[in-house]
Amino acid sequence: MSNSSILEMATKAIDGKNLKIVFPEGTDKRILEAAIKHKEDGLIHPIVLGDKGQIQKVADENGLHLADLEIIDPQYDENFNFLVEKFVEARKGKATTMDAEYMLKKDNNYYGVMLVKAGLADGMVSGAIGTTGDTIRPALQLIKTKPGVSRVSGIMVMIGPNGEQLIFADTAVNITLESQEMAEVAVESAETARGFGMDPRVALLSFSTKGSAKHDLVDKVVKATKKAKELAPDLPLDGELQFDAAIDPTTAKNKAPKSDVAGTANVFVFPDLQAGNIGYKIAQRLGGYKALGPILQGLNAPVNDLSRGCSAQDVYEIAIITASQAVNK
């Protein structure tokens, strides 16, 4: 696959559909640059949230021309009361009208999520300023997880210097994963890979390969592999595998000769967030891989997080992927 094939697939999937992606962090220069580029390209319809005066000030300071970019100030939006009503419905007794009004005025992430929940937008991209928790919390409360998925997880699409395309999970959300949860992340990551035009081959990672070490942490991955195979019997999937056995054919022949995934895996499920986060950053900083994400999976509608160190181009690309998830949901 070419270096840009995932983005090409996503672009093709959304072309001409005029999908609406909301950006809650309208006073960030990178967000504005990406939104303006999308408005000019016509690939998606960007919606920027925030105080219009503050947004205009940021634009003026950076030589940006907002033109006819759609900007919504939640304080004065004509849909505010409608979204308050939908918010209360979504929380099912856990929030009053007053609670809803307060949150929707206070936090643009809640407003953006409610635009998606109410069908006024197709997806949301946030996190250039706020934390992953700031992005995910409203989505979990209001959009919620898909049937059969117990929790949201985050992946990174890793694009190598020679066009290699890999998926690393979970790199953003869950600090620890039990075996059932790891199995769910494995299956969900494979579905995400298919949505990007990949043919997923999933490796559940450990510091052990096929019994080479004995430990409770190894047992967890063995159990997760068994559960994942029960969830998706036809999915090429194996574990427990060390990373070298999962990705290198020569090593795989020595360490896991009977595995039909070892040496050819392209979706890698890490046993915990610490390993996943460290792993993708090593690949990014030392291996020359581009890390695209984190991309959230498991929600009923696409809401994606950004790294606070993201560029305007990163925002632009994540918005394309978010729109493609809306097509494939």
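Because the structure is a prediction, the values reported are computed rather than measured. Because only heavy atoms are used, hydrogens play no part in the values below, and waters and symmetry mates are left out as well, while side chains stay in.
Contact check for Arg308 versus Ile129: no side-chain heavy atoms found under the 4.5 Å cut-off. No side-chain heavy atom of Phe196 sits less than 4.5 Å from a side-chain heavy atom of Met9. Residues Leu296 and Ile136 are in side-chain contact: their nearest non-hydrogen atoms beyond the backbone lie under 4.5 Å apart. Between Tyr111 and Leu83, the closest side-chain pair of non-hydrogen atoms falls below 4.5 Å. The shortest distance between side-chain heavy atoms of His65 and Glu40 does not fall below 4.5 Å.
The existence of a salt bridge linking Lys227 and Glu230 is excluded, since no basic side-chain nitrogen approaches an acidic carboxylate oxygen closer than 4.0 Å. Lys94 has no carboxylate O lying under 4.0 Å from a charged side-chain N of Asp99, or vice versa, which leaves the two without a salt bridge. With salt bridges taken as basic N to acidic carboxylate O contacts below 4.0 Å, one links Glu181 and Arg151.
In terms of heavy atoms, Ala172 sits closest to Asp170 at N-OD1, 3.0 Å. In plain terms, the two heavy atoms of Leu140 and Val152 that are nearest each other are CD2-CG2, 3.3 Å. Scanning all heavy atoms of the two residues, the minimum distance from Val22 to Leu49 falls at CG2-CG, 3.7 Å. When every heavy atom of Asp305 is checked against every heavy atom of Thr131, the shortest pair comes out as OD1-O, 4.3 Å. Closest heavy-atom contact between Ile14 and Ala323: CG2-C, 3.5 Å. The heavy-atom pair separating Leu217 from Phe207 by the smallest distance is CB-CE2, 4.2 Å.
With sequence neighbours excluded, the residues forming a ring pair (Phe, Tyr, Trp, His ring centres under 6.0 Å) with His38 are Tyr316, listed by chain and number. When the side-chain hydrogen bond (donor to acceptor under 3.5 Å, both in side chains) test is applied to Ser311, the partners found at least two apart in sequence or on another chain are Asp314.
A donor and an acceptor atom, one from each side chain of Asn277 and Thr171, are nowhere located under 3.5 Å apart. Side-chain contact annotation: Gln313 with Lys37, donor-acceptor N/O pair under 3.5 Å present. Inspection of the Thr192 and Gln297 side chains reveals an N or O donor paired with an N or O acceptor under 3.5 Å.
Dense packing is recorded around CD of Gln180, with more than 12 heavy atoms of other residues, nucleotides or ligands lying under 6.0 Å away. Other residues, nucleotides and ligands place no more than 12 heavy atoms under 6.0 Å from the CD atom of Glu78. Remark: Lys210 NZ is packed, more than 12 non-hydrogen atoms of other residues, nucleotides or ligands lying under 6.0 Å away.
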> Would Lys105 and Glu101 satisfy salt bridge (Lys or Arg N to Asp or Glu O under 4.0 Å), going step by step from the backbone distance to the final call?
Replying inline: CA-CA 6 Å; Lys105 287 181 179 179; Glu101 290 175 348; 5.7 Å; no
>> Show, in sequence, the C-alpha distance, side-chain angles and deciding distance for Leu273 and Thr176, and conclude whether the side chain to side chain contact (heavy atoms under 4.5 Å, CB included) test is met.
In response: CA-CA 6 Å; Leu273 182 61; Thr176 60; over 6 Å; no
> Could you walk me through whether Met198 and Ile167 pass the side chain to side chain contact (heavy atoms under 4.5 Å, CB included) check?
Replying inline: CA-CA 10 Å; Met198 297 174 64; Ile167 283 179; 4.0 Å; yes
>> Apply salt bridge (Lys or Arg N to Asp or Glu O under 4.0 Å) to residues Glu191 and Lys146 and explain how you reach the verdict.
In response: CA-CA 13 Å; Glu191 286 300 310; Lys146 296 189 294 189; over 6 Å; no
> When you look at Val58 and Leu32, which way does the side chain to side chain contact (heavy atoms under 4.5 Å, CB included) test go after all the steps?
Replying inline: CA-CA 9 Å; Val58 173; Leu32 286 182; 3.9 Å; yes
>> Run Glu188 and Ser153 through side chain to side chain donor-acceptor pair (under 3.5 Å) and show every step you take.
In response: CA-CA 9 Å; Glu188 192 69 21; Ser153 56; over 6 Å; no
>> For Asp244 and Thr251: C-alpha separation, side-chain torsions, deciding distance, then whether side chain to side chain donor-acceptor pair (under 3.5 Å) applies.
In response: CA-CA 6 Å; Asp244 57 353; Thr251 304; 4.8 Å; no
>> Between Asn81 and Lys86, does the side chain to side chain contact (heavy atoms under 4.5 Å, CB included) criterion hold? Intermediate values first, please.
In response: CA-CA 9 Å; Asn81 291 334; Lys86 292 296 183 183; over 6 Å; no
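Taken to the nearest 0.5 Å, the CE atom of Met156 stands 7.5 Å off from the OG atom of Ser307.
No single ILVMFWY cluster, assembled from side-chain heavy atoms under 4.5 Å apart, contains both Leu204 and Val173. One hydrophobic cluster, built from ILVMFWY side chains closer than 4.5 Å, holds both Tyr110 and Val84. The hydrophobic clustering, which links ILVMFWY residues whose side-chain heavy atoms are closer than 4.5 Å, places Leu292 and Phe168 apart. Hydrophobic clustering places Val327 together with Ile320 (ILVMFWY residues linked when any side-chain heavy atoms are closer than 4.5 Å, directly or through intermediates).
Counting only residues at least two apart or on different chains, the ring pair (Phe, Tyr, Trp, His ring centres under 6.0 Å) pairs with a member in residues 213-266 are Phe243-Phe268.
Test Glu240, Lys255, Gln242 against Ser208 for side chain to side chain donor-acceptor pair (under 3.5 Å) and you get one pass: Glu240. Screening Lys229, Lys226, Arg201 for a salt bridge (Lys or Arg N to Asp or Glu O under 4.0 Å) with Asp238, the sole residue that qualifies is Lys229. For the side chain to side chain contact (heavy atoms under 4.5 Å, CB included) criterion with Lys39, the lone passing option out of Val48, Leu69, Leu66 is Leu69.
Judged by distance alone, with hydrogens and angles left aside, the side-chain atoms of Ser259 form no donor-acceptor pair with the main-chain N or O of Ala256 at under 3.5 Å. When atom types are taken as modelled, the side chain of Asp272 and the backbone of Ile175 share no donor-acceptor pair closer than 3.5 angstrom. With Lys220 contributing its side chain and Pro271 its backbone, the two residues share a donor-acceptor pair below 3.5 Å. For the pair Asp51 (side chain) and Gly53 (backbone), a donor-acceptor distance under 3.5 Å is present. A donor-acceptor distance shorter than 3.5 angstrom exists from the side chain of Lys144 to the backbone of Ala90, with no hydrogens or angles considered. Put simply, the side chain of Asn162 never gets that close to the backbone of Glu164: no donor and acceptor are under 3.5 Å apart. Put simply, the side chain of Glu25 gets close to the backbone of Ala128: a donor and an acceptor are under 3.5 Å apart. Under a 3.5 Å cut-off, the side chain of Asp122 and the backbone N or O of Ile21 do not form any donor-acceptor pair. Judged by distance alone, with hydrogens and angles left aside, the side-chain atoms of Arg30 form a donor-acceptor pair with the main-chain N or O of Cys310 at under 3.5 Å. Side-chain atoms of Asp77 never come within 3.5 Å of backbone atoms of Pro74 as a donor-acceptor pair (strictly under, hydrogens ignored).
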